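For reference, the structure is listed below as structure tokens.
The structure displayed is predicted, hence computed values, not measured ones.
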Amino acid sequence: QVQLVESGGGLVQAGGSLRLSCAASRIIFSINFMGWYRQAPGKQRELVATITSGGTTNYADSVKGRFTISRDNAKNTVYLQMNSLKPEDTAVYYCNFARLIGGGSERYDYWGQGTQVTVSS
């Protein structure tokens, strides 16, 4: 059984920075996507950023220019560097590892337990 362990959340003032990390408890082969999602109180979970096995990144419009996603394949770890944080970034952040199976017709998702990020005014 594989577990994704998140760290790096906390309380910061607006304009501050945090770096989230998510590491698998064991090596996972053939991970096609790594990403971060977040869920704010009273809202649906939304995609924040993804990175493919080839290094292609994608960001939600709300975080472009402020957040950077990166990965270390050898360590099965994904990071989210968050700069210029705003109160609206406050949410529980979840990491996600996605593996395509069945020739890409299906996918299997691994999820972290979530880490709280709170940005004060």
Hey, what do you get for [atom1] ([X]) to [atom2] ([Y]), rounding to the nearest 0.5 Å?
X	Y	atom1	atom2	value
Asp89	Ser62	CG	OG	7.0 Å
Ser53	Ile31	OG	CD1	10.0 Å
Ile69	Ile51	CD1	CD1	6.0 Å
Thr118	Leu11	OG1	CG	6.0 Å
Ser121	Lys86	OG	NZ	12.5 Å
Tyr93	Met82	OH	CE	5.5 Å

- Query: Pick from Thr57, Asn96, Asn58: which one makes a side-chain contact (heavy atoms from CB on, under 4.5 Å) with Thr50?
  - Reply: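 Single pass found, and it is Asn58.
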Is a donor on one side and an acceptor on the other found under 3.5 Å between the side chain of [X] and the backbone of [Y]?
X	Y	value
Arg71	Thr52	yes
Glu6	Gly114	yes
Ser25	Gln3	yes
Asn32	Leu100	yes

- Answer whether the closest heavy-atom distance between the side chains of Val117 and Leu18 falls below 4.5 Å.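 A side-chain contact under 4.5 Å exists here.
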I need the minimum non-hydrogen distance between [X] and [Y], along with the two atoms involved.
X	Y	value
Ala23	Thr77	CB-OG1, 3.6 Å
Asp109	Ala98	OD1-CB, 3.4 Å
Leu4	Cys22	CB-SG, 3.7 Å
Ala91	Arg38	CB-CB, 3.8 Å
Val119	Thr90	N-OG1, 2.9 Å

- Aromatic ring centroids of Trp36 and Phe67 under 6.0 Å?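 Ring-ring flag for Trp36/Phe67: false, centres at least 6.0 Å apart.
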- Message: Does atom CD (Gln44) have a neighbourhood of more than 12 heavy atoms from anything else shown, all under 6.0 Å?
- Response: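 Count not over threshold, so no.
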- Do we get Arg45 above Tyr94's six-membered ring, with its NZ or CZ under 6.0 Å from the centre and within 45° of the axis?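 Because its charged atom sits under 6.0 Å from the ring centre and within 45° of the axis, Arg45 does stack over Tyr94.
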- Query: Hey, does the Lys NZ or Arg CZ of Arg19 hover above the aromatic six-ring of Tyr79, less than 6.0 Å from the centre and inside 45° of the axis?
  - Reply: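 Checked: cation-pi criterion met.
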- Query: By ring-ring contact (aromatic ring centres under 6.0 Å, His included), which residues pair with Tyr59, not counting sequence neighbours?
  - Reply: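 Counting only residues at least two positions away or on another chain, Tyr59 forms no ring-ring contact (aromatic ring centres under 6.0 Å, His included).
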- Query: For Tyr37 and Trp111, what are the C-alpha separation, side-chain angles and deciding distance, and is it a ring pair (Phe, Tyr, Trp, His ring centres under 6.0 Å)?
  - Reply: CA-CA 10 Å; Tyr37 293 72; Trp111 290 95; 5.1 Å; yes
- Item | Single-linkage hydrophobic cluster Phe33~Val78, side-chain heavy atoms < 4.5 angstrom |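 As far as the 4.5 Å side-chain criterion goes, Val78 and Phe33 are not connected within one cluster.
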- Going only through I, L, V, M, F, W and Y residues with side-chain contacts under 4.5 Å, is there a path from Val2 to Ile101?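 No, separate clusters.
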- Message: Under 3.5 Å, is there a donor on one side chain and an acceptor on the other for Asn83 and Ser17?
- Response: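 Note: Asn83 and Ser17 side chains meet the donor-acceptor criterion.
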- Message: Apply side chain to side chain contact (heavy atoms under 4.5 Å, CB included) to residues Val92 and Thr115 and explain how you reach the verdict.
- Response: CA-CA 5 Å; Val92 177; Thr115 185; over 6 Å; no
